[in-house]
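Residue numbers start from 1 in every chain, and the chains themselves are labelled A, B, ... in the order their sequence lines are given, proteins ahead of strands. FYI, side chains are in, hydrogens and waters are out, and symmetry mates aren't considered; it's all heavy atoms of this structure.
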Amino acid sequence: MEYDFNNIERYWQKYWKTHQTFQADDITEKIKYYVLDMFPYPSGAGLHIGHPLGYIASDIYARHKRAEGYHVLHPIGFDSFGLPAEQYAIQTGQHPAKTTEINIQRYKEQLSKLGFSFDWSREFRTSDPSYYRWTQWIFIQLFNSWYDQEAQRARPIESLIEAFEKNGNQTIKAAGTTTNPFTAEEWKNSTKAKKEIILQNYRLAFRSKATVNWCPELGTVLANDEVKDRKSERGGYPVYQKEMVQWSMRITAYAERLLKGLDEIDWPEALKESQSYWIGKSFGARIRFELTKGNSIEIFTTRPDTIFGTTFMVLAPEHPIVNQITTAEHRLAVEAYIEEIKKRSELERLSDVKNVSGQFTGAYTLHPFTGKKLPLYLSDYVLANYGTGAIMAVPAHDSRDHRFAKRFGLEILEVISGGSDVQTEAHETKEGYCIHSDFLNKLEVKVAIKKAIEKIEEKGIGQGMINYRLRDAVFSRQRYWGEPIPIYYKKGIAVPLPEQKLPLLLPDIDKYIPTEEGEPPLRRAKAWAWDEKQQKVVNNELMDEIQVFLLDTNTMPGWAGSSWYFLRYMNPKNEERFVNQQAENYWQNVDLYIGGAEHATGHLLYARFWHKFLKDRDWVSTEEPFKKLINQGMILGNSAFVARVNGTKKFISAGLVKNQDVQELHIDIQLLKHGDELDVEKFKKWRPEFAEAELILEGGKFFCRRKVEKMSKSKYNVINPDEICEKYGADTLRMYEMFLGSLEQSKPWNTQGIIGVHQFLRKFWRLFHSTGVFHTDQEPPTAEESKVLHQAIKKIRKDIENLSFNTSVSAFMIAVNALTALKCCKRIILEPLVILIAPFAPHIAEALWQRLGHEDSVSLARIPNHDPQHLVEEIIEYPVMFNGKLRFKAHFQANIPTTEIEQQILKYPKIQDYLNGKTLKKIIIIPKKVINIVL
RNA sequence: GCCCGGGUGGUGGAAUAGGUAGACACGCAGGACUUAAAAUCCUGUAGUUAUUGUGGCUGUGCGGGUUCGAUUCCCGCCCCGGGUACCA
């Protein structure tokens, strides 16, 4: 009987579905294992061959863990709020929920064809009201919490209010926006509105006026991680800095814990490093410089040791003090400069970092130690939202200050010896010792930093401090397709909705664009007001500012829903709580998380932040959400290009292009014949504008240029998994994607080798068949057959554990080749192999398992252990002479003492041959590997 | 610029507490079976050289070093991929 993969796969996919083979329980006695994929955003393009890579890997691992006896949670869902669906809605007027639903159905269909062992009963979407109800709930908890820096944890806002009532904000150490000190009396005498303004400085979800990334094209603000190269990550539209009142998340309160937590999780080093860089902890000092006119300016520096090298000061143009300190004769120039900076940022400051700009304010500060007058400049190389927005410039030891000094002809004063000439180049390394530095002279940099901080604190002009690059995350979006923020505004005070009234449902609106007044789309909703008495959403006309108030018109960002979804899978149907406490206690956190590295500073950071917050408030029991994480590499496409002579209809074959002025156009890879040759007929039919194309051939053929790049619909290099499944079957596709190379590496898709994996599966199938019918033998195995099996078990189990799936596929091939050669069809050898291969190729395994007479699914069978008895290791006959030494390799069981090995070696006949007539000087035994015998 | 990852046959890739480099697979060449094809099976396949039936030499991006021994460790370069961008 032939290996009819199409029927087999269809049958078993249906079987798993009807039997709910992979459904997990919320709690059991068994040890848990939680394998999670980053859930997909269902885009309109459907899945391409690259998407399933991570899912296949996680599925193999999940199935393997089940076979090892773990109780495995392997869920899937959809990250269904997001920009593309909304952009599409704006263009077509179609409700994003509709397009999203269509896309999800397509995804589900494609996913089901690959035979994943997902527990579909736990599926949900982030746009389900029953899900986002809890996203809104978490938001309210964040709103009602503050971060106690003494206790290093978040606490309910009531405890902060209590503290204020007792002692004002004098004694409390809370993470927050800097606020003026107040006493208990002052607090008690404040109005409700005033109190709320103060509290906003401490809440973990808070409203504040801040410089944000504004993207006019998308009509919304964006978080830092959503901006790449001053363009929006989605769509690539320009992003500008703008002052706006926005909701933010006080992630900075968790900076230290987010950094420290990296030590305890098993993540790729590269990813940890990028998070750690994003958090950007630096040690330094805050130093106050007095102005000649009585004001003072605080700066932050990591190099207080270079304080004597300060020759000028620089402020960010947006610094609030600028107006106060600018002298009359410089006012015009300063205002012009600030204006210019604003304009420049609108013109997108063409990344001309080297181009120095700045403006003198006319003001001077006094050096705190020497009393020297230091001119005060403005420049856009100083950022308003890092440190204090002001710096002491040390041109001799900072390249940016150096550039600035050169441009404006300022003094460059060397204070750290050991570099080259500081007049031509800054000496930035922390090597050397201090000179021209009074009390720091002759000290090494590291010592000098400490000493300088000591002196600064002694003098009362500043203190040592730790600074983080991490910024609070802007949380509101002026968009429609997201979770509504469950807040209404009562006389300007933000009030959260009662928890039991959640979810606050996303209203229907007529158009998905901002209002004519430029307000967010939700302002278009007819019923978007909260009636405090009735506790429900009512029509806007009823708004009276007494009982009925306007709801927040912002929505949450894409990362809100994905910051806690892994918790919901533990107990997805719960209507009382975001996750049942027992279920949370049982499943704890994700043991293995597989997904792309592009989420390093977005999702993976926010999810850790929320998780730590939930831990602080005792809603979850673990500190970190994802114990082990693997980034799967991308599968790249091999794009094809045709070269068109600019402004003509003439196309030139790739080999003839040379230096001609051509434009390269992506063409569909379906238009290629074999290799790089273009199918001219198909090409001419592909697009009407190519119908009359004039093609310059090369030896009668037209060749395309190829390039490996990201697989994407717009590059016409997409390979659809459905086609591969049809032709070779899902099992082949699964194994081939693993066989292609290591999971973490990016690699171009290449169909060439797939036949090898397919042939392997057919060969495996044939092991169980003779002359067309299913046939196995009951005979006991020979030693050789046992060895093949047990070697395979040992190697494959080890490789799966290391997530080295490519080498485990090879191990299968070796075993099957060996058994084919041995003509082995013994049940006792073959049956364990079926269990072993099931995680990789589940359909064929099920089909064979059934034919072997089992009634249950092979997915419920336990994976066999290798028996070391069958793997007795022995001396390999491989003695070689070199450099006067006899070298050979031997394998021993690890626990044999070395003296024993020596004796055995000497007994070995070949050794005796070599020793013939010579005396033995020394035996060097390198454990487990090689033995050198000196004659 | 800075940080991370990686350069191994015609191709995808194995092998790193240093120990037969090229597992496994594709492709290619030859053969068996067949009227033929498909399918299947077998043999060969880093390069080079020779006294071509068991050898020699060269080979893991380049140049050095440590070592009896280096794809693996160290130093200095080159190239490719990814991340990041004035963070004081």
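- One finds no side-chain N or O of A:Q745 lying less than 4.0 angstrom from the OP1 or OP2 phosphate oxygen of B:G13.
- For A:F739, the listed nucleotide lying nearest its side chain is B:C24; candidates were B:A14, B:C24, B:A88.
- Searching all strands for a Watson-Crick or G-U wobble partner of B:A15 with both distances below 3.5 Å returns nothing.
- Checking B:C33 for Watson-Crick or G-U wobble geometry (two distances, each under 3.5 Å) identifies no partner in any strand.
- A close approach under 4.0 Å does occur between a side-chain nitrogen or oxygen of A:R766 and OP1 or OP2 of B:C41.
- Taking atom P on both nucleotides, B:U84 is separated from B:U71 by 36 Å, rounded to a whole Å.
- Nucleotide B:C73 has B:G65 as its partner under the Watson-Crick or G-U criteria, with both atom distances under 3.5 Å.
- Side-chain N/O atoms of A:Y277 include none lying less than 4.0 angstrom from OP1 or OP2 on B:C3.
- The P atoms of B:G53 and B:G44 are separated by 14 Å, rounded to the nearest whole Å.
- Applying the 4.0 Å criterion to OP1 and OP2 of B:G27, one finds that A:N750 has every side-chain N and O outside that range.
- At the heavy-atom level, A:R471 lies under 4.0 Å from base atoms of the strands shown.
- As the counterpart of B:C86, no nucleotide is assigned, since no Watson-Crick or G-U wobble pattern has both distances under 3.5 Å.
- Although no hydrogens or angles enter the test, the distance criterion places a donor-acceptor pair under 3.5 Å between the side chain of A:N631 and the main chain of A:G595.
- Nucleotide B:G81 forms a Watson-Crick or G-U wobble pair with B:C4, both donor-acceptor distances falling under 3.5 Å.
- Contact annotation: A:K272 side-chain N/O to B:C4 OP1/OP2 distance is not under 4.0 Å.
- Summarising the geometry, the separation between CE on A:M813 and P on B:A14 is reported as 14 Å, rounded to the nearest angstrom.
- Base orientation for B:G9: syn, the chi torsion being within 90° of 0.
- For the pair A:R608 and A:W267, the cation sits on the ring face: its NZ or CZ lies under 6.0 Å from the ring centre, inside 45° of the axis.
- Cation-pi contact between A:R734 and A:F840: absent, since separation from the ring centre below 6.0 Å together with deviation from the ring axis within 45° is not met.
- B:A46 is paired with B:U58 under the criterion used here, namely a Watson-Crick or G-U wobble arrangement in which both key atom distances are under 3.5 Å.
- Relative orientation of the A:Y736 and A:F739 rings is tilted, given thresholds of 30° and 60° on the angle between their planes.
- Pairing partner, B:A39: none, since no Watson-Crick or wobble contact has both distances short of 3.5 Å.
- Tested against A:R303 for a side chain to side chain donor-acceptor pair (under 3.5 Å), the candidates A:D305, A:T306, A:T301 yield a single pass: A:D305.
- A distance of about 24 Å separates the P atoms of B:C74 and B:C80, rounded to the whole Å.
- Remark: the separation of the C1' atoms in B:U16 and B:G31 is 39 Å, to the nearest Å.
- At least one side-chain nitrogen or oxygen of A:N806 sits closer than 4.0 Å to the OP1 or OP2 atom of B:A14.
- Using a 4.0 Å heavy-atom distance criterion, A:N385 is classed as making no nucleic acid contact.
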